[in-house]
Amino acid sequence: MAASRRRRTTAVAATLAAVALTAGLTTGCSAVDKALDCVRTADAIADSVTELQQAVANASDDVTQLEESLDSIERNLGEISDKTDNADVGKAVDDLEQATADVRTSLKDGDNTPDISPVTDAAGELTKVCTP
(Lines give C-alpha, C1' and ligand atoms only; values in the text may rest on other atoms or scores of the structure.)
Protein backbone atom coordinates (compact mmCIF):
# COMPACT_ATOMS: atom_id res chain seq x y z
CA MET A 1 0.00 0.00 0.00
CA ALA A 2 2.76 2.47 0.91
CA ALA A 3 4.74 1.59 -2.22
CA SER A 4 1.66 2.12 -4.36
CA ARG A 5 1.04 5.50 -2.75
CA ARG A 6 4.69 6.48 -3.32
CA ARG A 7 4.47 5.49 -6.98
CA ARG A 8 1.29 7.49 -7.40
CA THR A 9 2.80 10.49 -5.59
CA THR A 10 5.88 10.28 -7.82
CA ALA A 11 3.69 10.04 -10.92
CA VAL A 12 1.60 13.01 -9.80
CA ALA A 13 4.73 15.05 -9.08
CA ALA A 14 6.10 14.24 -12.52
CA THR A 15 2.79 15.15 -14.12
CA LEU A 16 2.67 18.41 -12.19
CA ALA A 17 6.18 19.28 -13.33
CA ALA A 18 5.33 18.47 -16.93
CA VAL A 19 2.11 20.49 -16.77
CA ALA A 20 3.91 23.45 -15.26
CA LEU A 21 6.70 23.35 -17.81
CA THR A 22 4.51 22.79 -20.85
CA ALA A 23 1.73 25.13 -19.84
CA GLY A 24 4.17 27.77 -18.69
CA LEU A 25 5.75 27.83 -22.13
CA THR A 26 2.50 28.02 -24.06
CA THR A 27 -0.16 29.69 -21.88
CA GLY A 28 -0.76 32.21 -19.15
CA CYS A 29 -0.47 31.62 -15.43
CA SER A 30 -4.20 31.14 -14.87
CA ALA A 31 -4.25 28.19 -17.29
CA VAL A 32 -1.30 26.64 -15.45
CA ASP A 33 -3.04 27.13 -12.12
CA LYS A 34 -6.24 25.52 -13.43
CA ALA A 35 -4.35 22.53 -14.81
CA LEU A 36 -2.44 22.06 -11.56
CA ASP A 37 -5.65 22.37 -9.52
CA CYS A 38 -7.27 19.72 -11.72
CA VAL A 39 -4.35 17.32 -11.28
CA ARG A 40 -4.16 17.87 -7.52
CA THR A 41 -7.89 17.42 -7.06
CA ALA A 42 -7.98 14.34 -9.30
CA ASP A 43 -5.24 12.85 -7.11
CA ALA A 44 -7.28 13.64 -3.99
CA ILE A 45 -10.28 11.94 -5.61
CA ALA A 46 -8.11 8.91 -6.40
CA ASP A 47 -7.22 8.72 -2.70
CA SER A 48 -10.91 8.97 -1.79
CA VAL A 49 -11.79 6.22 -4.25
CA THR A 50 -9.12 4.01 -2.66
CA GLU A 51 -10.70 4.73 0.73
CA LEU A 52 -14.11 3.90 -0.76
CA GLN A 53 -12.79 0.55 -1.99
CA GLN A 54 -11.44 -0.21 1.47
CA ALA A 55 -14.71 0.89 3.05
CA VAL A 56 -16.67 -1.49 0.81
CA ALA A 57 -14.32 -4.30 1.79
CA ASN A 58 -14.91 -3.45 5.46
CA ALA A 59 -18.61 -2.57 5.14
CA SER A 60 -19.67 -5.17 7.66
CA ASP A 61 -17.51 -3.37 10.24
CA ASP A 62 -18.53 0.26 9.60
CA VAL A 63 -20.89 1.44 6.85
CA THR A 64 -20.27 5.10 7.77
CA GLN A 65 -16.83 4.86 6.13
CA LEU A 66 -18.64 4.49 2.80
CA GLU A 67 -20.54 7.73 3.35
CA GLU A 68 -17.39 9.57 4.45
CA SER A 69 -15.53 8.46 1.33
CA LEU A 70 -18.41 9.55 -0.90
CA ASP A 71 -18.53 12.91 0.89
CA SER A 72 -14.82 13.39 0.27
CA ILE A 73 -15.18 12.59 -3.44
CA GLU A 74 -18.08 15.01 -3.79
CA ARG A 75 -16.20 17.84 -2.03
CA ASN A 76 -13.28 17.40 -4.40
CA LEU A 77 -15.59 17.29 -7.41
CA GLY A 78 -17.02 20.63 -6.33
CA GLU A 79 -13.52 22.08 -6.33
CA ILE A 80 -12.86 20.89 -9.88
CA SER A 81 -16.24 22.15 -11.11
CA ASP A 82 -15.56 25.60 -9.69
CA LYS A 83 -12.12 25.85 -11.29
CA THR A 84 -12.53 24.51 -14.82
CA ASP A 85 -14.32 25.37 -18.01
CA ASN A 86 -12.93 22.38 -19.92
CA ALA A 87 -15.75 20.34 -21.49
CA ASP A 88 -13.97 17.00 -21.09
CA VAL A 89 -13.27 17.66 -17.42
CA GLY A 90 -16.88 18.79 -16.95
CA LYS A 91 -18.20 15.55 -18.46
CA ALA A 92 -15.86 13.44 -16.33
CA VAL A 93 -17.01 15.33 -13.22
CA ASP A 94 -20.67 14.80 -14.18
CA ASP A 95 -20.07 11.07 -14.71
CA LEU A 96 -18.33 10.74 -11.35
CA GLU A 97 -21.10 12.69 -9.60
CA GLN A 98 -23.69 10.33 -11.10
CA ALA A 99 -21.67 7.26 -10.09
CA THR A 100 -21.39 8.47 -6.48
CA ALA A 101 -25.11 9.28 -6.44
CA ASP A 102 -25.85 5.73 -7.62
CA VAL A 103 -23.71 4.29 -4.81
CA ARG A 104 -25.54 6.49 -2.28
CA THR A 105 -28.87 5.21 -3.64
CA SER A 106 -27.68 1.62 -3.26
CA LEU A 107 -26.65 2.33 0.33
CA LYS A 108 -29.99 3.96 1.06
CA ASP A 109 -31.71 0.89 -0.39
CA GLY A 110 -29.84 -1.31 2.11
CA ASP A 111 -26.95 -2.57 -0.02
CA ASN A 112 -23.92 -2.34 2.28
CA THR A 113 -21.55 -3.59 -0.43
CA PRO A 114 -22.58 -1.65 -3.54
CA ASP A 115 -20.88 -1.98 -6.91
CA ILE A 116 -18.38 0.86 -6.99
CA SER A 117 -16.82 -0.01 -10.36
CA PRO A 118 -18.62 2.93 -12.05
CA VAL A 119 -17.00 5.23 -9.46
CA THR A 120 -13.54 3.83 -10.09
CA ASP A 121 -14.06 3.98 -13.87
CA ALA A 122 -15.27 7.60 -13.72
CA ALA A 123 -12.39 8.58 -11.42
CA GLY A 124 -9.95 7.04 -13.88
CA GLU A 125 -11.48 9.04 -16.71
CA LEU A 126 -11.23 12.24 -14.65
CA THR A 127 -7.58 11.55 -13.95
CA LYS A 128 -7.01 10.97 -17.66
CA VAL A 129 -8.64 14.26 -18.76
CA CYS A 130 -6.82 16.20 -16.05
CA THR A 131 -3.48 14.93 -17.28
CA PRO A 132 -2.12 16.81 -20.30
Side-chain angles (χ1 to χ4, degrees):
M1 180 81 173
S4 173
R5 184 170 292 257
R6 270 187 254 130
R7 279 193 298 266
R8 184 173 24 175
T9 301
T10 302
V12 169
T15 301
L16 290 174
V19 169
L21 179 60
T22 303
L25 295 173
T26 60
T27 62
C29 290
S30 65
V32 173
D33 290 341
K34 284 184 179 183
L36 291 174
D37 285 342
C38 187
V39 171
R40 284 185 198 115
T41 308
D43 185 53
I45 289 171
D47 288 342
S48 297
V49 170
T50 299
E51 291 170 6
L52 180 64
Q53 291 169 325
Q54 292 171 345
V56 168
N58 299 327
S60 61
D61 297 333
D62 185 7
V63 179
T64 60
Q65 288 180 353
L66 291 167
E67 290 287 341
E68 290 169 4
S69 296
L70 291 170
D71 291 345
S72 177
I73 292 169
E74 289 172 349
R75 276 191 305 277
N76 288 316
L77 287 174
E79 286 182 32
I80 290 178
S81 292
D82 292 343
K83 295 178 182 178
T84 189
D85 55 2
N86 180 294
D88 291 334
V89 172
K91 173 149 179 25
V93 166
D94 290 345
D95 291 348
L96 189 48
E97 286 175 337
Q98 183 60 54
T100 57
D102 291 346
V103 170
R104 282 194 191 278
T105 299
S106 293
L107 290 171
K108 192 183 295 185
D109 292 343
D111 183 359
N112 290 341
T113 56
D115 177 17
I116 61 166
S117 60
V119 173
T120 57
D121 293 345
E125 183 62 26
L126 178 62
T127 300
K128 186 167 57 172
V129 298
C130 280
T131 305

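A quick note: this is a predicted structure, and the numbers were derived from the prediction, not measured. Nothing fancy with the numbering, it's 1 onward along the sequence.
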Before giving the answer on side chain to side chain donor-acceptor pair (under 3.5 Å), spell out for D94 and Q98 the whole-Å C-alpha distance, their side-chain angles and the decisive distance to 0.1 Å. CA-CA 6 Å; D94 290 345; Q98 183 60 54; over 6 Å; no
L52/T100 under side chain to side chain contact (heavy atoms under 4.5 Å, CB included): CA gap, chis, key distance, verdict: CA-CA 10 Å; L52 180 64; T100 57; 5.9 Å; no
Heavy-atom side-chain proximity of E125 to D121 below 4.5 angstrom: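 E125 does not reach D121 side chain to side chain.
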Side-chain contact, heavy-atom cut-off 4.5 Å: L126 with L77? yes
Please give me the minimum heavy-atom distance between [X] and [Y], naming the atom from each residue.
X	Y	answer
S48	I73	CB-CG1, 3.4 Å
L96	V119	CD1-O, 3.5 Å
L66	P114	CD1-CD, 4.5 Å

Is it the case that the side chain of S69 and the backbone of Q65 share a donor-acceptor pair, with hydrogens and angles ignored and the cut-off at 3.5 Å? yes
Stepwise, does the salt bridge (charged side-chain N to carboxylate O under 4.0 Å, His left out) test hold for D95 with K91? CA-CA 6 Å; D95 291 348; K91 173 149 179 25; 3.0 Å; yes
